[in-house]
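What follows is one structure encoded as structure tokens, with my remarks underneath.
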Amino acid sequence: MIEVRLPDGSVRQVPTHTTPREIAEQIGAGLARAALAARVNGQVVDLNRPLDHDVELEIITERSPGALDVLRHSAAHILATAVRSIRPEAKIGFGPAIQDGFYYDFEVDRPFTPEELEAIEQRMQEVVKCNDPFERQVVTKEEARRLFADDPLKLERLEELGDDEVITVYRNGPFLDLCRGPHVPATGYLKHFKLLSTAGAYWRGDEKRQMLQRIYGTAWFSQKDLEEYLHRLEEAKRRDHRKLGRELGLYSVHDEAGRGLIHWHPRGGLIRYTIEEYLRRTLLANGYDLVFTPHVANEELYRISGHIPTFVDNMFGPIEVEDETYRLKPMNCPNHIMIFRSEPRSYRDLPLRYAELGTCYRYERSGVLHGMMRVRGFTQDDAHIFCRQDQIGPEANALLDLVDIMMATFGYAYRVFLSTRPEKAIGDPAVYDAATEQLRQVLVARGVDYNVDEGGGAFYGPKIDIALVDALGREWQGPTIQLDFMLPERFQLEYTGADNKPHRPVMIHRTLLGSMERFVGGLIEHYGGAFPTWLAPEQVRVLPITDDVRDSAAAFVAELKAAGLRGTLDDRSETLGYRIREAETMKIPYMAVIGAREAEAGTVAVRERGAGRKQDIMPREEFVARLRAEVEARTLNVPGLA
RNA sequence: GCCACCGUAGCUCAGUGGUAGAGCACUCGAUUCGUAAUCGAGCGGUCGUCGGUUCAAGUCCGACCGGUGGCUCCA
């Protein structure tokens with residue numbers, strides 16, 4: 001007999017080799033029907049896996065965390081089953097569950113066609129209908145070698161397994177895979193899924209190895225979830241910053257001018273200007289100094305910094321001038337170091353915080369360029385803080401205050417990650433760990449929920465990474481706080497301490513918004529193009545109903561401008577409906593309609609973006625005052641934003 | 001850079017070997033209108049580029065250029 005402890009704290013005595021399914025059946029028929037897998041001492045296993053010692057057991061159902069991963073991993077096997085039946089020669093690679101779905105990699109003579117994808121999906125339906133059980137079997141390495149004799153990719157993986165590892169294979173109907181599991185009980189459990197796309201993917205993610213053909217799919221427990229996910233994909237497409245960027249006249253990219261180089265149009269420029277102006281004022285109010293440094297630098301600078309040779313593959317090529325070689329700057333830190341080093345520094349001067357909206361250029365391979373998100377020229381919201389070791393904590397704390405302000409202003413939720421010392425770290429491990437501990441204590445003191453990426457820090461220092469969560473629930477790389485013990489060393493930075501001796505400062509690289517290109521690109525998608533009033537390039541469109549009130553409307557536009565608001569007059573000879581439609585399409589926050597009644601009374605009929613026919617008639621001054629208050633408060637009046 | 005798909009007017013797209021099309025946008029004219037498309041006319045394309053097959057190529061084939069989705073890499 002063994003003891004099984006359940007999540008509610010109860011303990012059951014059952015015979016050795018009882019399976020989780022049997023226990024679920026004992027608890028209730030409903031639970032047995034809902035059971036997909038089990039969590040035994042924290043590890044997810046199959047329902048039919050016999051228990052041979054005392055355990056803590058949790059039955060996994062659709063609602064359990066991790067349940068979708070099990071389903072999706074099984075979906076990947078079902079996909080491979082279907083592919084094998086259509087293309088028997090396909091060699092199988094890996095097929096894991098991923099965020100929102102699953103994939104499977106195949107080595108095939110010719111890539112899959114879109115039509116084939118449909119056929120594969122249909123064949124998957126047949127596999128599901130068979131409802132074959134997923135059967136786990138423990139095998140020896142020798143047996144496994146025989147079973148996968150025709151699957152070189154599996155053999156390669158097999159040989160990496162240690163001799164003491166338990167090797168398992170899973171069979172469902174005709175398909176056998178080397179796999180750790182677990183799986184849902186049978187193929188019939190997969191009901192709501194869809195294949196999405198094919199893509200090339202290097203075997204083991206190594207571009208020196210052969211390219212496999214990957215098939216992506218998604219799977220859910222209910223048709224509703226599947227449809228919601230597909231709808232989310234549609235919504236993401238609708239909000240694509242490249243599409244909205246063109247439609248709203250924000251930016252463009254030109255072959256003639258160079259790929260991956262953003263041309264900010266007047267509307268996009270106004271958005272960027274407004275953000276930059278707000279950012280600079282915030283930084284000045286928070287103890288930062290603004291600096292400006294050149295776009296090119298003598299290559300020597302990057303030899304000292306070490307970017308040559310480590311970063312040279314990401315840099316634009318050399319520029320020869322007289323006898324010297326210059327480079328477009330890939331980052332701002334060496335320049336800021338020059339400013340720090342330009343005079344002797346005292347411990348009393350520290351911390352020094354140099355901020356720059358610094359434009360950098362990096363060579364990115366053509367295949368990775370993507371709208372404003374991945375470009376070759378970008379302007380970083382960059383800053384470097386030079387401080388004493390004992391100032392790391394307070395500086396990190398102040399930075400997290402700024403992060404809070406910025407994220408709240410733009411309406412982002414966020415998640416925090418702390419990355420600790422990797423194996424290959426430089427310098428004294430004690431210094432690295434002490435600094436990491438300072439960061440950790442700051443996070444703890446602030447009551448921040450954070451995840452630790454053990455060994456995920458850079459070799460030159462630990463860091464705090466912040467991931468933005470946008471309106472669609474997607475995560476983006478956000479602010480980072482990166483400690484650096486290396487550059488002060490390489491540039492021999494010093495300050496004079498209270499002991500009148502030279503000391504080495506610590507550098508903190510930090511960004512709040514990342515690059516203006518990426519940040520604004522992200523904002524376009526976050527807001528779906530409907531920028532809050534304070535950021536909207538055009539805040540009010542004034543619409544006179546007839547030519548008779550044109551002058552009155554023009555006067556109102558002048559009043560808006562005088563109040564520092566961005567209003568424009570649309571007095572074209574088009575119907576009111578037409579002009580309203582266009583203002584809605586351009587996602588302008590407010591329309592101010594002026595007809596004979598309003599002109600007479602000194603009022604405007606205000607129509608808010610996205611609010612339909614609802615109108616609010618108010619005195620002109622009141623509307624101006626309301627708008628000014630809204631701009632000042634940076635109100636997030638974005639439809640659909642929580 | 002690699003794999004797949006795509007490339008027709010400023011935009012969205014139709015056109016399966018036989019004389020390049022539509023809607024929107026733009027220009028002109030008419031219309032003066034009460035909350036998401038007023039009517040008419042006009043302008044606009046060497047069908048991504050180069051080569052090949054064919055009596056004939058937007059259409060079939062090849063190469064190249066560019067875009068998209070991935071891979072790899074990153075602000």
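Naming: A, B, ... by sequence-line order, numbering from 1 per chain.
A donor and an acceptor atom, one from each side chain of A:R518 and A:T379, are nowhere located under 3.5 Å apart. A:H336 and A:T293 share no donor-acceptor pair across their side chains, judged by distance under 3.5 Å alone. Side-chain polar atoms of A:T533 and A:N637 form a donor-acceptor pair below 3.5 angstrom.
Using a 4.0 Å heavy-atom distance criterion, A:Q477 is classed as a sugar-phosphate-only contact. A:G514 comes within 4.0 angstrom of the backbone, heavy atoms only, and of no base. At a threshold of 4.0 angstrom between heavy atoms, the contacts of A:F378 include nucleobase atoms, whether or not backbone atoms are also involved.
Taking the charged nitrogens against the carboxylate oxygens, A:R239 and A:E234 have no contact shorter than 4.0 Å, which rules out a salt bridge.
Taking side-chain N and O atoms only, A:R259 has a distance below 4.0 Å to OP1 or OP2 of B:G66. Residue A:H254 has no polar side-chain atom (N or O) positioned under 4.0 Å from OP1 or OP2 of B:G66. Taking 4.0 angstrom as the limit, A:R242 places a side-chain polar atom (N or O) nearer than this to OP1 or OP2 of B:G69. Within the 4.0 Å cut-off from OP1 or OP2 of B:A75, not a single side-chain nitrogen or oxygen of A:S515 is found. Contact annotation: A:Y216 reaches the phosphate of B:C71 (side-chain N/O to OP1 or OP2, under 4.0 Å).
Open room surrounds CZ on A:R626; 12 or fewer heavy atoms of other groups in view lie less than 6.0 Å from it.
Summarising the geometry, the separation between NE2 on A:H370 and P on B:C71 is reported as 12 Å, rounded to the nearest angstrom. Taking atom CD of residue A:E574 and atom C1' of nucleotide B:A36, one finds them 13 Å apart after rounding to whole Å. As a whole-Å value, the separation of A:K243 NZ from B:C24 C1' is 13 Å. When rounded to the nearest whole Å, the span between CZ of A:R374 and C1' of B:A75 equals 9 Å. The CG-P distance, from A:L117 to B:C3, rounds to 20 Å in whole Å. A straight line from CD of A:E582 to C1' of B:C26 spans 12 Å, rounded to a whole angstrom.
Side-chain to base pairing of A:Y202 with B:G70: no donor and acceptor N or O lie closer than 3.5 Å to each other. Between the side chain of A:R365 and the base of B:U72, at least one donor-acceptor pair of N or O atoms lies under 3.5 Å. Judged by atom type and distance alone, A:R518 reaches the base of B:C74 through a side-chain donor-acceptor pair under 3.5 Å.
Contacts between residues 586-611 of chain A and RNA chain B, defined by a heavy-atom separation under 4.0 Å, are made by A:V593, A:G595, A:A596, A:R597, A:E598, A:A605, A:R607. Listed in residue order, the members of residues 538-555 of chain A having a heavy atom less than 4.0 Å from RNA chain B are A:I545, A:T546, A:D547.
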Intermediate values then yes/no, ring pair (Phe, Tyr, Trp, His ring centres under 6.0 Å), A:Y412 and A:W476
CA-CA 10 Å; A:Y412 283 111; A:W476 303 88; 9.0 Å; no

What protein N or O atoms touch nucleotides 9-13 of chain B N or O atoms at under 3.5 angstrom, if any, and at what distances?
unit_1	atom_1	unit_2	atom_2	d
B:U12	OP1	A:R246	NH2	3.1

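Of the candidate nucleotides B:G1, B:U38, B:A36, B:G1 has the atom nearest to the side chain of A:V368. Comparing B:U38, B:C74, B:A36 against the side chain of A:E364 picks out B:C74 as the nearest. Nearest nucleotide to the side chain of A:S573, out of B:C73, B:G70, B:U31: B:U31. Closest to the A:A199 side chain, of the nucleotides B:G69, B:C33, B:U72, is B:G69. Distance from the side chain of A:R572 is smallest to B:C26 among B:C26, B:G69, B:U32.
B:U49 is paired with B:A63 under the Watson-Crick or G-U wobble criterion, all donor-acceptor distances under 3.5 Å.
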